[in-house]
Amino acid sequence: MTLIIGLTGGIGSGKTTVAKLFKKLAVPIYFMDLEAKKLMQNSKIIKRKLIVKFGQEVYLNNKLNRSFLANIVFSDTEKLKHLESIVHPKVKQHFKRWVKKQNTPYVLQENAILFENGNSAFCDFIITVTAPLELKIDRVIKRDAISKKEVIARMNNQWTDEVKIKKSNFIIKNVDLEITKKEVLKIHKKILTYIKGAKNFLILC
Ligand code: ATP
């Protein structure tokens, strides 16, 4: 059995950076946002539903018009929820199939809204990545070349770190990358030890 570990954290916390560190340890990573985008581009059912809800402009020359969609949903929670209700069931199904194909002791699902979309419910453990608010804002402004106001608007669609931390098994304070690397290795070893222990327990039973 492959364990499912959820990896989450607010915008700019460094989830993707942390996920890449796990990847170096040969842990397969499912990047939820990336896979959702692929499905929004390729799934006929999703395409049809998005056009019905948001209009023909969602696709420009048959390509997902991401900025159009982002502008609509980031300022309207109801529309964001509707978008998620169209996309998430398909991604969930895709993820389950993907997990079945992996043959490692555990896999990671990197997902900014792991709690918000309910995927945390089927994770065996959850890792939350955190960083100070101003640092997160600075990182996103630099990475995406957007304004502070836009970053904050995106943050407001996500749960706070305080709430996520309470529901997590592991917390990574991602400020100094060298410390983060050590934390990742520590967590990796703990998970493997847990899995080994669980297997021994099953044998004894
Ligand atoms: P989002 O939810 O917006 O996708 P994220 O949580 O996945 O964000 P990353 O993309 O990993 O965050 O990191 C945001 C930016 O900060 C990136 O440009 C990344 O290179 C940088 N960054 C992340 N962690 C560190 C760190 N410890 N030291 C320096 N830069 C970092």
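Both ligands and their constituent atoms are indexed starting at 1 by order of listing. Basis for what follows: all heavy atoms, side chains included, without hydrogens, waters or symmetry-related copies.
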inquiry  = Grouping I, L, V, M, F, W and Y whenever their side-chain heavy atoms are under 4.5 Å apart, do Trp159 and Ile172 come out in a common cluster?
reply    = no
request  = Verify the cluster assignment for Leu114 and Val18: are they in a single hydrophobic cluster under the rule of side-chain heavy atoms below 4.5 Å apart?
outcome  = no
task = Treating Ile, Leu, Val, Met, Phe, Trp and Tyr as nodes and any side-chain heavy-atom pair under 4.5 angstrom as an edge, say whether Leu3 and Phe95 lie in one connected cluster.
result = no
As a test of reading the model: which N/O atoms of the protein lie under 3.5 Å from N/O atoms of ligand 1, and at what distance?
residue	atom	partner	partner atom	Å
ligand 1	2 (O)	Lys15	NZ	2.6
ligand 1	3 (O)	Arg143	NH1	3.2
ligand 1	3 (O)	Arg143	NH2	2.7
ligand 1	4 (O)	Arg143	NH1	3.4
ligand 1	6 (O)	Ser13	N	3.3
ligand 1	6 (O)	Ser13	OG	3.3
ligand 1	6 (O)	Gly14	N	2.9
ligand 1	6 (O)	Lys15	N	2.9
ligand 1	6 (O)	Lys15	NZ	2.7
ligand 1	7 (O)	Thr16	N	3.0
ligand 1	7 (O)	Thr16	OG1	2.7
ligand 1	8 (O)	Gly12	N	3.2
ligand 1	8 (O)	Arg143	NH1	3.1
ligand 1	10 (O)	Arg143	NH1	2.7
ligand 1	11 (O)	Thr16	N	3.4
ligand 1	11 (O)	Thr17	N	2.9
ligand 1	11 (O)	Thr17	OG1	2.6
ligand 1	12 (O)	Gly14	N	3.2
ligand 1	24 (N)	Asn174	ND2	2.9
ligand 1	27 (N)	Asn174	OD1	2.7
ligand 1	27 (N)	Val175	O	3.1

message = Can you confirm if the aromatic rings of Tyr194 and Phe125 lie within a centre distance of less than 6.0 Å?
response = yes
ask   = Linking I/L/V/M/F/W/Y whenever any side-chain heavy atoms sit under 4.5 Å apart, do Tyr30 and Tyr106 land together?
value = no
same_hphob_cluster(Ile29, Trp98) at 4.5 Å side-chain heavy-atom cutoff = no
